[in-house]
Amino acid sequence: MQRQDLNDLLAFIAVAEERSFTKAAAKLGTSQSTLSHTIKQLEARLGLRLLTRTTRRVSPTDAGDRLLAAFVPRLRELESELEDLMSARDKPAGVVRITLSDHALESVVWPKLRPLLLDYPDIKLELNIDNGFRDIVEERFDAGVRLGESLDKDMIAVRIGPDWRLVAVAAPSYLAKRPAPEVPQDLVEHICINTRQSRSGGLYAWEFEKGGRELRVRVDGQITLNSSIAQVEAAAAGYGIAYVPENLVERQFASGELIQILGDWCPMFTGYHLYYPSRRQNSAAFLLIMNALRLRTE
């Protein structure tokens with residue numbers, strides 16, 4: 001069916017239901033003469049007379065009644081589906097997929113979204129744990145969470161967390177066997193828990209800064225993990241020195257399970273941001289989640 005045929009059929013239905021060219025023209029926002037011409041063209045293309053016209057009334061012919069019976073139920077069904085889609089647009093529901101690191105999940109995202117999800121059972125949230133960068137467009141994620149300093153310029157970014165820092169930590173049992181490093185370069189003589197970077201495939205060179213001086217140290221050890229939480233557990237078990245987010249080890253500091261080292265060399269990092277493509281239509285569910293995650297500075 002051509003688009004023009006569909007438009008003409010809609011015009012015919014309006015006239016047949018209103019039983020009047022005047023009322024149908026007003027309903028469609030067109031003139032009576034234009035509407036009459038449209039119906040005549042439709043009848044000519046079909047080779048059927050669809051309406052009986054008198055000076056007092058307009059009514060469908062037998063062919064017109066059959067066309068109405070065949071077409072109107074389908075039209076009403078389509079209108080109902082469109083209404084459902086429109087209402088879903090404003091209702092927080094559906095699947096929202098986000099890629100993020102385990103630290104972002106543990107420290108920022110899950111604490112904020114956990115109570116929200118209880119109030120909105122129609123939202124289905126998929127959180128994909130990955131410390132590397134993902135092509136969120138290609139892999140059909142709605143958004144990602146990464147540090148603000150590492151985001152692409154063509155993304156919209158919403159800050160969701162405060163600045164934080166990495167800290168070097170070790171268990172007392174580990175430090176009992178060897179002296180604690182005094183400067184970052186001393187780490188090359190120690191057993192460290194490494195992190196493999198997803199994007200490059202190489203091991204993460206630990207970043208330090210003091211008094212404006214920046215340096216990187218490549219460390220070595222028995223274990224390589226790409227989970228900050230697993231690194232904390234390994235360090236607490238005495239497997240070596242770990243370089244982990246400070247807020248993940250507050251409990252271990254308080255209990256004495258872990259000891260911080262090189263504290264004056266540990267730099268701050270820009271907080272986490274939720275990022276998503278600049279050209280996308282965001283669902284009500286996504287907007288609700290974004291607003292819940294947004295960092296409140298007031």
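Predicted, not measured: the structure shown is a model, and the values here were computed from it.
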J.: When you compare the side chain of Leu274 with that of Phe286, does any pair of heavy atoms fall below 4.5 Å?
T.: yes
J.: Does any N or O in the side chain of Arg140 come within less than 3.5 Å of the main-chain N or O of Arg97, such that one atom is a donor and the other an acceptor?
T.: no
J.: May I ask you to test the Asn194-Ile223 pair for a side-chain heavy-atom distance under 4.5 Å?
T.: no
J.: A quick test of your reading: do over 12 heavy atoms of other residues, nucleotides or ligands sit less than 6.0 Å from CD of Gln222?
T.: no
J.: Verify, without hydrogens or angle tests, whether Asp186 (side chain) and Val183 (backbone) share a donor-acceptor contact under 3.5 angstrom.
T.: yes
J.: Above 12 or not: heavy atoms from other molecules or residues under 6.0 Å from CD of Glu106?
T.: no
J.: Hey, is the main chain of Ile160 close enough, under 3.5 Å, to the side chain of Lys112 for a donor-acceptor pair?
T.: yes
J.: Are Ser36 and Ser33 close enough that a side-chain donor and a side-chain acceptor fall under 3.5 Å?
T.: no
J.: What are the two closest non-hydrogen atoms of Ala11 and Leu28, and how far apart are they?
T.: CA-CD1, 3.9 Å
J.: Flag yes if more than 12 heavy atoms outside Phe21 fall under 6.0 Å of its CZ atom; otherwise flag no.
T.: yes
J.: Please report the shortest heavy-atom distance between Leu67 and Phe12, naming the atom on each side.
T.: CD2-CE2, 3.7 Å
J.: Checking Glu17 against Arg76 for the salt bridge (Lys or Arg N to Asp or Glu O under 4.0 Å) test, could you report, in this order, the C-alpha distance in whole Å, the side-chain angles of both residues, the deciding distance, and whether it holds?
T.: CA-CA 13 Å; Glu17 290 182 336; Arg76 299 296 178 249; 2.7 Å; yes
J.: Do Ile39 and Leu51 make a side-chain contact, defined as non-hydrogen atoms from C-beta onward lying under 4.5 Å apart?
T.: yes
J.: Would Glu246 and Arg165 satisfy salt bridge (Lys or Arg N to Asp or Glu O under 4.0 Å), going step by step from the backbone distance to the final call?
T.: CA-CA 6 Å; Glu246 186 174 25; Arg165 69 173 185 158; 3.1 Å; yes
J.: In the structure I gave you, are the side-chain heavy atoms of Val188 and Val219 within less than 4.5 Å of one another anywhere?
T.: no
J.: Can you check whether Leu147 reaches Trp164 side chain to side chain, under 4.5 Å on heavy atoms?
T.: yes
J.: Side chains of Ile261 and Val169, heavy atoms from C-beta outward: is any pair under 4.5 Å?
T.: no
J.: Indicate yes or no for a side-chain donor-acceptor contact from Arg19 to the backbone of Val15 under 3.5 Å, with no hydrogens or angles considered.
T.: no
J.: Test salt bridge (Lys or Arg N to Asp or Glu O under 4.0 Å) on Asp264 and Lys210; report intermediate values, then the result.
T.: CA-CA 7 Å; Asp264 56 346; Lys210 182 178 180 180; 2.9 Å; yes
J.: Does any non-hydrogen side-chain atom of Met290 lie less than 4.5 Å from one of Tyr276?
T.: yes
J.: Rounded at 0.5 Å granularity, tell me how far CD1 in Ile193 sits from CG in Asp220.
T.: 12.5 Å
J.: Spell out, yes or no, whether Leu105 and Val95 are grouped together once hydrophobic residues are joined by side-chain heavy atoms under 4.5 Å, including indirect joins.
T.: no
J.: Please check if atom CG in Asn128 has more than 12 non-hydrogen atoms from other residues, nucleotides or ligands closer than 6.0 Å.
T.: yes
J.: In terms of relative ring orientation, are His190 and Tyr174 parallel, tilted or perpendicular, with 30° and 60° separating the classes?
T.: tilted
J.: Scan side-chain atoms only and decide if Glu18 and Ser20 contain a donor-acceptor pair under the 3.5 Å cut-off.
T.: no
J.: Does Ile123 belong to the same Ile/Leu/Val/Met/Phe/Trp/Tyr cluster as Leu100, with side-chain heavy atoms less than 4.5 Å apart forming each link?
T.: yes
J.: So, Glu43 and Arg49, do they make that salt bridge, N to O below 4.0 Å?
T.: no
J.: Are a donor atom and an acceptor atom from the side chains of Asp8 and Thr38 found within less than 3.5 Å of each other?
T.: no
J.: Between Gln252 and Val232, is there a donor-acceptor pair closer than 3.5 Å when you use the side chain of the first and the backbone of the second?
T.: no
J.: Taking all atoms of both residues into account, what is the closest heavy-atom pair of Leu118 and Pro121, and its distance?
T.: O-CD, 4.3 Å
J.: Please tell me if the side chains of Phe141 and Ile98 come closer than 4.5 Å, counting only heavy atoms from C-beta onward.
T.: no
J.: Which atom pair, heavy atoms only, marks the closest approach of Ile129 to Asp102?
T.: CG2-N, 3.7 Å
J.: Determine the minimum heavy-atom distance between Ala236 and Ala171, stating which atoms define it.
T.: O-CB, 3.8 Å
J.: Whether Arg251 engages the ring of Phe253 as a cation-pi pair (distance to the six-membered ring centre under 6.0 angstrom, angle to the ring normal within 45°) should be assessed.
T.: no
J.: What about Phe208 and Leu166, same hydrophobic cluster or not, with Ile/Leu/Val/Met/Phe/Trp/Tyr joined at side-chain heavy-atom distances under 4.5 Å?
T.: yes
J.: Please check if Tyr272 and Val96 belong to a single hydrophobic cluster, counting links between Ile, Leu, Val, Met, Phe, Trp and Tyr side chain heavy atoms closer than 4.5 Å.
T.: yes
J.: If you compare all heavy atoms of Ala25 against all heavy atoms of Leu35, which two are closest, and at what distance to 0.1 Å?
T.: N-CD2, 3.6 Å
J.: Aromatic rings Trp206 and Tyr243: how do their planes relate, parallel, tilted or perpendicular, breaks at 30° and 60°?
T.: parallel
